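Some notes on the structure that comes next.
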Amino acid sequence: MSTPKSDHDTLWELIQGIRFGMLTHRHANGMLHAHPLTTQNQSLDEDARLYFFISRKSELAQRLQQDGNVNVSYADPGEDSYVSLSGQALIAEDQDKKEELWSPLARSWFPAGVHDPDLALLEVRVHHAEYWDVKESKMVQLFKMARAAITGELPRKLGEHKELHIP
């Protein structure tokens, strides 16, 4: 008998194959700005933290030190899965974590390597998560939507939608 997946496992399963997350923050002028960032995690730890490498000199790093409220969204249209994560971002001064997460691909952005003084580790502590995961085939989805259009009723459940509050 298999053990049911935890909410953390489900979230990680949905985002692990998506290379870039869109991190949205509030700009100093009040507008929302989004940046594509590469998720550095190899898994989602029990504290639900995500990690990204960013430039310490960037506008993003400066802004997040003033207002760390962020959203990170992931989309995999081919798999019909979508994830929205909200939480608190901070620049983590953790050299061991940088070394653990470092990859050769990061060198293209930070040529001096893991000890590059411009390399900042952005940690997002996730407090709220929401996901939509459609398991039905495209044909089944189209059938349900067509039936809804004909009957005037909302489409019957198209996949799984779940909202999680993470302490």
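All values reported here derive from a predicted model rather than from experimental measurement.
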### Task
Report, as yes or no, whether the 6.0 Å neighbourhood of atom CD on Gln42 holds more than 12 heavy atoms from other residues, nucleotides or ligands.
no
### Message
Nearest 0.5 Å, please: how far is CG in Leu90 from CD in Gln88?
### Response
7.5 Å
#### Entry: CZ on Arg63 to OG on Ser58, rounded to 0.5 Å
12.5 Å
### Query
Does Glu100 have any salt bridge (charged side-chain N to carboxylate O under 4.0 Å, His left out) partners at least two apart in sequence or in another chain, and if so, which?
Lys97
### Query
Are Leu119 and Trp109 linked, directly or through other ILVMFWY residues, by side chains that come within less than 4.5 angstrom of each other?
yes
### Task
Compare all side-chain heavy atoms of Asp76 with those of Ile15 and state whether any distance is below 4.5 angstrom.
no
### 4.5 Å side-chain heavy-atom contact, Leu32 and Arg26
yes
### Query
Can you check side chain to side chain donor-acceptor pair (under 3.5 Å) on Asp118 and Ser55, steps first, answer last?
CA-CA 5 Å; Asp118 189 38; Ser55 167; 2.8 Å; yes
### Task
Check step by step if side chain to side chain contact (heavy atoms under 4.5 Å, CB included) holds for Asn71 and Ser84.
CA-CA 7 Å; Asn71 175 273; Ser84 175; 2.9 Å; yes
### Asn41/Trp12 under side chain to side chain contact (heavy atoms under 4.5 Å, CB included): CA gap, chis, key distance, verdict
CA-CA 10 Å; Asn41 296 53; Trp12 182 249; 3.6 Å; yes
### side chain to side chain contact (heavy atoms under 4.5 Å, CB included) partner of Phe52, chosen from Thr38, Val72, Leu121, Leu60
Val72
#### Entry: Distance-minimising heavy-atom pair for Gly87 and His127
CA-CD2, 3.7 Å
### Message
Measuring from atom CD of Glu99 to atom NE2 of His115, what distance do you get when rounded to the nearest 0.5 angstrom?
### Response
4.5 Å
### Query
Between CD of Gln40 and OG of Ser103, what distance do you get to the nearest 0.5 Å?
5.5 Å
### Query
According to the interplanar angle, ranging from 0 to 90°, do the rings of Phe53 and Trp102 count as parallel (below 30°), tilted (30 to 60°) or perpendicular (above 60°)?
tilted
### Task
Answer yes if Tyr131 and Val124 sit in the same cluster of Ile, Leu, Val, Met, Phe, Trp and Tyr residues linked by side chain heavy atoms under 4.5 Å apart, and no otherwise.
yes
### Query
What heavy-atom pair brings Val70 and His25 nearest, and what distance separates the two atoms?
CG1-CB, 4.2 Å
### Summary
Taken in chain and number order and not counting sequence neighbours, the residues that satisfy salt bridge (charged side-chain N to carboxylate O under 4.0 Å, His left out) with Arg56 are Glu93
### Query
Taking C-beta and beyond as the side chain, do Asp116 and Pro111 meet within less than 4.5 Å on heavy atoms?
yes
### Message
Which heavy atom of Ile91 sits nearest to which heavy atom of Gln65, and what is that distance?
### Response
CG1-NE2, 3.7 Å
### Query
Transitively linked via ILVMFWY side-chain contacts under 4.5 Å: Leu37 with Phe110?
no
### Task
Quickly, which of Leu11, Leu85, Leu14 forms a side chain to side chain contact (heavy atoms under 4.5 Å, CB included) with Tyr74? Name it, please.
Leu85
## Note on the structure
Here the pair of heavy atoms bringing Tyr82 nearest to Ala75 is CD2-CB, 3.7 Å
### Summary
So CG of Leu44 and CZ of Arg49: to nearest 0.5 Å the spacing works out to 10.0 Å
#### Entry: Stepwise side chain to side chain contact (heavy atoms under 4.5 Å, CB included) check, Leu23 with Leu122
CA-CA 11 Å; Leu23 183 134; Leu122 177 61; 3.9 Å; yes
### Query
Do Ile18 and Tyr51 belong to the same hydrophobic cluster, where Ile, Leu, Val, Met, Phe, Trp and Tyr are linked whenever their side-chain heavy atoms lie under 4.5 Å apart, directly or via other members?
no
### Task
To the nearest 0.5 Å, tell me how far Leu64 CG sits from Glu123 CD.
12.5 Å
